[in-house]
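I have placed the structure first, in the form of structure tokens, so that the comments after it can refer back to it.
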Amino acid sequence: MKKCLSSFVVFLMLVASGCSEDDSTTASSNAVAFANASVNISQEVTTVSLVFQNPTTTSGTVSLALSGTLTQYGVDFSTLPAADNNVLVVPFSANATTASFTFNRLVEATEDQIKNAVFTITAISEASITIPENTKSIQLNFDESPIVTAVKSPTVGGPTVPNQVFFDLSSGIETSVERTKWDLGFYGGSDFRVAINGSLKMAIKQTENTDITLPLPIDNTVAVGEGGATGVTNGNPAYVDGPNGLITQTAMQAISATDSDNKVYLVNLGYGIANVAPNVGSVNPYGDARGWKKIRVLRSGNDYKLQYANPEATTFSEVIITKNNAYTFTFFSLTTNQVVAAAPQKEKWDILFTPFTNHTNFGGGTYSYAFQDFIVTNRNGGTRAYEVLNSLGVVYSQFTLNNVNADNFNLETSIDQRVIGANWRNGGGPTSLPSPRDDRFYVIKDAAGNIYKVRFIAMTNAAGERGNPTFEYQKLN
């Protein structure tokens, strides 16, 4: 079995802990390492990252030697940039914190076949950058054996939270997508349902119209709730998707096979990504308002027909969205007018780091409300999870497969995609920064039956900036 080492986060900790006030290491020293030591390749195209301890002072290159088991360059895999004589040269720019190359898997491993490609840092053009011995190689595994243990830091992007990050525990692969890339998700299962992008505080309201050419007035009550001194304003929960992830609870009604049953909807597109960083310890995920659209969705055989326009328009655009059962949703952007790739295939991710529109009650009834540092589990892809409190008598380090209660995976609380939600972290206070709770961890079972224990060990970076989570996990079976 392959051994998966800790990520570059641990490498940074080791560098820091190994330096004392008497060391000659200065703030300008630098090092380069792979972000992961082992990755199981489940997609044809994968971005492989190297990470610098500090920003680079000049542009340059990192040279990598290629080796592996049962793999040949150009036959089993290729790279971009291309390698020459089993040497890959990866460029980086000045002031860079990362460098990367693209790994293209050309063939898959057969059952029980051990097949991998290994990349090892051999040289770097900037002489002041060191190459730590224990983090200079990465092994890309073709056989997709589940990772046994790992520490990961998803690229959420900092306190403006520009990205949603989908993470697959068994392969160690993250898929990071800018939140504004998509607006509508068209369900790939047997139902005909359309979801909205809750990470942007989108909201949607059904009208009585079936004619999309009729101008539609703006209704500012179609919004996600906002907190204030007098409580929550707006925030009608009917205008957002059911937060538990149940597909039959989308804000849009099921798309009927009878065209005349399908109404026009007014869509609040929510907010773009902010370009102003907040105070340390805070987040600022929402920038300018993105405006409004009106939409109508019909069936087209086993696919969807989307009609959309600006609210005042008397004409509209129309597109066929093909239903794809390999994905929970097929995503569409109302701003770029295109079908876009966002989430991985429905069983290829387990947890999602994202801003989230939830239902909550502050004492005056249930409202929609936006939560930050939220973690969603892949309900529709078969992921199940439950929370374990240390007060129950077993701490994370001592928790084994014998401690797993399989019945818990069948509870509605474990199926609900909010089982981790915001429960994993504290919000901070006047004299403290937000932080992960150290009194709990989570047990997660993926669609393939792999069982992991997972705990969250950071939600900020060393400077206290949010949008920088770190978690660790271990396979139990």
Side-chain angles (χ1 to χ4, degrees), residues 164 177 179-212 216 219 222-224 236-270 290-311 316-343 345-346 352 354 356-357 359 368 376 378-381 417:
Q164 292 182 295
V177 58
R179 289 187 288 120
T180 55
K181 188 174 183 180
W182 67 277
D183 299 299
L184 304 174
F186 293 80
Y187 186 58
S190 58
D191 289 356
F192 284 78
R193 290 277 180 169
V194 180
I196 59 175
N197 189 343
S199 77
L200 303 177
K201 296 176 68 173
M202 285 183 65
I204 187 169
K205 179 184 179 181
Q206 180 180 275
T207 72
E208 294 304 314
N209 299 336
T210 57
D211 185 355
I212 197 170
L216 193 62
D219 181 352
V222 182
V224 172
N236 187 332
Y239 298 159
V240 301
D241 293 338
N244 63 10
L246 188 62
I247 194 61
T248 57
Q249 294 183 7
T250 54
M252 282 190 70
Q253 297 299 305
I255 310 306
S256 174
T258 303
D259 285 359
S260 59
D261 292 338
N262 297 309
K263 307 293 187 180
V264 175
Y265 285 78
L266 176 66
V267 182
N268 180 343
L269 294 174
R290 301 174 68 233
W292 300 79
K293 293 288 184 181
K294 58 181 176 182
I295 68 170
R296 186 178 183 225
V297 182
L298 311 171
R299 294 196 196 186
S300 177
N302 195 46
D303 300 321
Y304 298 88
K305 180 188 294 184
L306 168 66
Q307 300 172 342
Y308 62 102
N310 292 328
F316 61 89
S317 299
E318 183 174 280
V319 63
I320 301 298
I321 309 293
T322 302
K323 183 178 282 196
N324 188 343
N325 189 52
Y327 294 82
T328 300
F329 295 105
T330 297
F331 297 99
F332 187 82
S333 169
L334 292 168
T335 54
T336 65
N337 308 313
Q338 293 179 331
V339 172
V340 294
Q345 293 185 24
K346 62 184 177 183
L352 164 63
T354 182
F356 185 79
T357 299
H359 289 176
S368 63
V376 171
N378 184 9
R379 173 177 187 149
N380 292 300
Q417 67 177 1

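Values reported hereafter were calculated over all heavy atoms of this structure, with side chains retained and with hydrogens, waters and symmetry mates removed.
The closest donor-acceptor contact from the side chain of Asn268 to the backbone of Val222 lies under 3.5 Å. Within the 3.5 Å criterion, the main-chain N or O of Val264 finds a donor-acceptor partner in the side chain of Thr207. Using modelled atom types, no side-chain atom of Tyr304 and backbone atom of Ile255 make a donor-acceptor pair closer than 3.5 Å.
Contact check for Val297 versus Met252: side-chain heavy atoms found under the 4.5 Å cut-off. For the pair Leu184/Leu306, a side-chain contact is recorded, criterion being any heavy-atom separation below 4.5 Å from C-beta on. Contact annotation: the side chain of Ser333 never approaches that of Gln338 to less than 4.5 Å [non-hydrogen atoms, C-beta and beyond]. Within the 4.5 Å cutoff, side-chain heavy atoms of Leu352 are placed close to those of Gln164. The side-chain heavy atoms of Val376 and Phe356, taken from C-beta on, include a pair separated by under 4.5 Å. Counting only heavy atoms from C-beta outward, the side chains of Gln345 and Tyr327 approach each other to under 4.5 Å. For the pair Trp292/Asn310, no side-chain contact is recorded, criterion being any heavy-atom separation below 4.5 Å from C-beta on. Side-chain atoms of Asn244 and His359, non-hydrogen and from C-beta on, never get closer than 4.5 Å to each other.
Taking the ring centre of Phe192 as origin, the terminal cationic atom of Lys323 falls inside the region bounded by 6.0 Å and 45° from the ring axis.
With sequence neighbours excluded, no residue forms a side-chain hydrogen bond (donor to acceptor under 3.5 Å, both in side chains) with Lys294. Partners of Gln253 under the side-chain hydrogen bond (donor to acceptor under 3.5 Å, both in side chains) rule, at least two apart in sequence or in another chain, do not exist in this structure. Residues passing the side-chain hydrogen bond (donor to acceptor under 3.5 Å, both in side chains) test with Asp261 are Ser256, sequence neighbours excluded. The side-chain hydrogen bond (donor to acceptor under 3.5 Å, both in side chains) search around Tyr308 returns Asn337, not counting sequence neighbours. Checked against side-chain contact (heavy atoms from CB on, under 4.5 Å), Val339 has the following partners two or more places apart in sequence or in another chain: Ile321, Thr330, Phe332. A search for salt bridge (Lys or Arg N to Asp or Glu O under 4.0 Å) contacts involving Arg290 returns Asp183, not counting sequence neighbours.
Closest heavy-atom contact between Ala251 and Ala238: CB-O, 3.7 Å.
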